[in-house]
2 protein chains.
Amino acid sequence: MLSNSSKYAVKAVLYLAIHSHKNKKIMAKDIAESINVPQAYLAKLLQELSREEIITSVKGPKGGFYLSDDNRNFSLMDVVNVIDGDKRLNSCVLSLEKCNAEKPCPLHNLISPSKSVFMESLQKKKIKYFSKQIEEGSAFLPL
Amino acid sequence: MLSNSSKYAVKAVLYLAIHSHKNKKIMAKDIAESINVPQAYLAKLLQELSREEIITSVKGPKGGFYLSDDNRNFSLMDVVNVIDGDKRLNSCVLSLEKCNAEKPCPLHNLISPSKSVFMESLQKKKIKYFSKQIEEGSAFLPL
DNA sequence: TCTTAAATATGATTTTTATCATGTTTTAAC
DNA sequence: GTTAAAACATGATAAAAATCATATTTAAGA
Ligand code: FES
Ligand code: FES
């Protein structure tokens with residue numbers, strides 16, 4: 001479904017959504033510790049996200065990562081696409097070339113409706129939505 | 001979601017469900033070719049399934065694999081469990097220890113209902129069900 | 001009984017994914 | 001300007017997954 005890498009990326013972005021701010025940057029090391037992900041590995045992922053402007057970074061002392069208001073309007077699908085590419089989630093459960101309703105694999109009807117719903121939410125709901133969920137206590141983040 | 005290996009295994013089992021019979025055994029090599037999976041790799045998977053008695057094998061000349069009536073009463077979940085173990089499908093999308101409703105991750109509510117449905121069907125529907133689908137032309141198998 | 005065709009067992013290799021390490025650039029603070 | 005703290009870039013290593021290779025066992029058929 002999601003690679004380990006994009007799981008890490010999603011967790012990091014959500015962490016930033018809750019804890020960071022334009023004038024409260026957080027360094028890679030601290031994020032990594034908080035979300036239980038290897039530091040150097042996460043650093044690399046954060047760089048990719050920053051390069052694609054999904055998150056914002058500031059170099060030098062007092063620097064770090066944070067989510068701007070613009071950043072918060074991205075969807076988690078955007079995060080996943082940066083890390084995993086856009087084919088992974090779209091593929092058939094049995095990897096039969098393309099997942100399509102015209103030539104469905106035997107599992108297609110079992111999973112496709114629900115998966116579509118999932119992917120649409122992931123696409124449509126902005127990062128803001130999820131941070132609100134967490135702040136309201138209806139969803140949880142740490143390990 | 002599913003490992004490559006269990007995708008192969010599922011495809012092979014479904015192939016056997018449609019094409020094999022007590023007196024129509026099929027060798028690993030032929031199955032592999034038909035479902036587009038590397039021969040030696042599939043052979044190994046078939047051996048695991050055979051060892052767990054999800055499929056039936058006969059050694060020696062004129063031997064091969066087939067699905068007995070008993071075999072056809074297994075579910076695809078059984079197939080997946082033999083290959084991937086039973087934790088993989090049960091895990092949280094974000095890999096937050098355990099997926100449970102009490103402490104749901106931010107994606108839990110998005111995916112869990114649909115995933116439950118999927119897993120239940122995978123558990124409850126027998127191999128027979130899927131082969132019927134394919135025979136009726138409402139689902140497709142090859143590449 | 002001998003040969004041969006199949007599964008089975010075991011392990012080696014390759015590829016992919018995840019992880020670690022090290023040097024370079026930027027910039028705030030002194 | 002010098003120092004130091006951060007991101008950034010690049011590549012090396014390790015672990016896991018997928019793939020390949022080879023020798024052994026079983027049983028049909030001549
Ligand atoms: S064709 Fe397999 S999931 Fe859609
Ligand atoms: S807790 Fe993450 S999917 Fe259930």
Side-chain angles (χ1 to χ4, degrees), chain A residues 1-12 16 20 23-33 35-68 71 80 82-85 87-88 91 94-95, chain B residues 1-12 16 20 23-33 35-68 71 80 82-85 87-88 91 94-95:
Chain A
M1 193 79 147
L2 301 181
S3 71
N4 233 321
S5 297
S6 59
K7 287 175 188 177
Y8 291 167
V10 166
K11 284 167 72 173
L16 284 173
S20 82
N23 35 38
K24 188 183 171 202
K25 300 161 197 107
I26 309 181
M27 1 181 234
K29 182 169 153 293
D30 292 336
I31 303 172
E33 259 170 34
I35 66 175
N36 269 308
V37 163
Q39 293 184 17
Y41 193 29
L42 181 67
K44 202 177 247 183
L45 297 171
L46 291 172
Q47 283 161 36
E48 289 183 57
L49 293 172
S50 161
R51 208 179 305 130
E52 301 294 328
E53 304 185 319
I54 304 276
I55 68 179
T56 306
S57 74
V58 176
K59 279 183 169 184
K62 294 284 172 184
F65 297 91
Y66 70 95
L67 255 55
S68 68
N71 292 151
V80 171
V82 165
I83 306 296
D84 281 348
K87 282 171 303 184
R88 183 160 182 148
S91 65
L94 292 182
S95 305
Chain B
M1 194 80 149
L2 300 182
S3 71
N4 232 323
S5 298
S6 60
K7 288 177 188 179
Y8 291 168
V10 166
K11 284 166 71 173
L16 283 173
S20 82
N23 36 37
K24 188 182 170 200
K25 300 162 197 104
I26 309 182
M27 10 181 227
K29 182 169 154 293
D30 292 336
I31 303 172
E33 259 171 32
I35 65 176
N36 269 308
V37 163
Q39 294 184 17
Y41 193 28
L42 181 67
K44 201 176 247 184
L45 297 172
L46 290 172
Q47 282 162 35
E48 290 183 57
L49 294 172
S50 161
R51 207 178 308 130
E52 302 294 327
E53 303 185 320
I54 304 277
I55 68 179
T56 305
S57 74
V58 176
K59 278 182 167 186
K62 293 283 172 186
F65 297 90
Y66 70 96
L67 256 55
S68 69
N71 292 151
V80 170
V82 166
I83 306 296
D84 281 348
K87 284 170 305 184
R88 183 161 182 146
S91 64
L94 292 182
S95 305

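As a basis for the values below, the full set of heavy atoms in this structure was taken, side chains included, without hydrogen atoms, waters or symmetry mates.
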5′-ward residue of the pair A:Val58/A:Val37 relative to DNA chain C: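 Closest to the 5' end, via its nearest nucleotide, is A:Val37.
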Residue whose closest nucleotide on DNA chain C lies nearer the 5' end, A:Ala40 versus A:Lys62: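 Comparing both residues, the 5'-ward one is A:Ala40.
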Side-chain N or O of [X] less than 4.0 angstrom from OP1 or OP2 on [N]?
X	N	result
A:Ser50	D:dA7	no
B:Arg51	C:dA7	no
B:Ser57	C:dA6	no
A:Tyr8	C:dA18	no

Euclidean distance, atom [atom1] of residue [X] to atom [atom2] of [N] [Å, nearest integer]:
X	N	atom1	atom2	value
A:Leu2	C:dA18	CG	P	11 Å
A:Glu53	D:dC8	CD	P	11 Å
B:Lys7	D:dA17	NZ	C1'	13 Å
B:Leu45	C:dA7	CG	C1'	14 Å
B:Phe65	D:dA27	CZ	C1'	15 Å
A:Met27	C:dA28	CE	P	16 Å
A:Leu42	D:dC8	CG	C1'	14 Å
A:Asn4	D:dA17	CG	P	10 Å

Where do [X] and [Y] come nearest, in terms of heavy atoms and distance?
X	Y	value
B:Leu49	B:Ile83	CD2-CD1, 4.2 Å
B:Ser20	B:Leu67	OG-N, 3.1 Å
A:Asn71	A:Tyr66	OD1-O, 3.7 Å

Looking only at side-chain atoms of [X], point me to the closest of [options].
X	options	result
A:Tyr41	C:dA18, D:dC8, C:dT8	C:dA18
B:Ser5	C:dC20, D:dA18, D:dA7	D:dA18
A:Pro61	D:dA18, C:dT27, D:dT19	C:dT27
A:Lys59	D:dT19, C:dT8, D:dC8	D:dC8

Could you give the side-chain donor-acceptor pairs of residues 1-9 of chain B under 3.5 Å, partners two or more places apart or in another chain?
unit_1, atom_1, unit_2, atom_2, d
B:Ser3, OG, B:Ser5, N, 3.3
B:Ser3, OG, B:Ser6, N, 3.1
B:Ser3, OG, B:Ser6, OG, 3.4
B:Ser3, OG, B:Asp84, OD1, 2.4
B:Ser3, OG, B:Asp84, OD2, 3.3
B:Ser5, OG, B:Tyr41, OH, 2.4
B:Ser6, OG, B:Ser3, N, 3.4
B:Ser6, OG, B:Ser3, O, 3.2
B:Ser6, OG, B:Asp84, OD2, 2.7
B:Lys7, NZ, A:Ser95, OG, 2.7

Residue whose nearest DNA chain D nucleotide is more 5′ - A:Gln47 or A:Lys44: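 So the residue in question is A:Gln47.
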Pairwise distance OG(B:Ser68) to CD1(B:Ile54) - rounded to 0.5 angstrom: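 It comes to 10.5 Å.
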Touch class at under 4.0 angstrom, heavy-atom based, for A:Ala43 against every strand present: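 Since no nucleic acid heavy atom lies under 4.0 Å of A:Ala43, the category is nothing.
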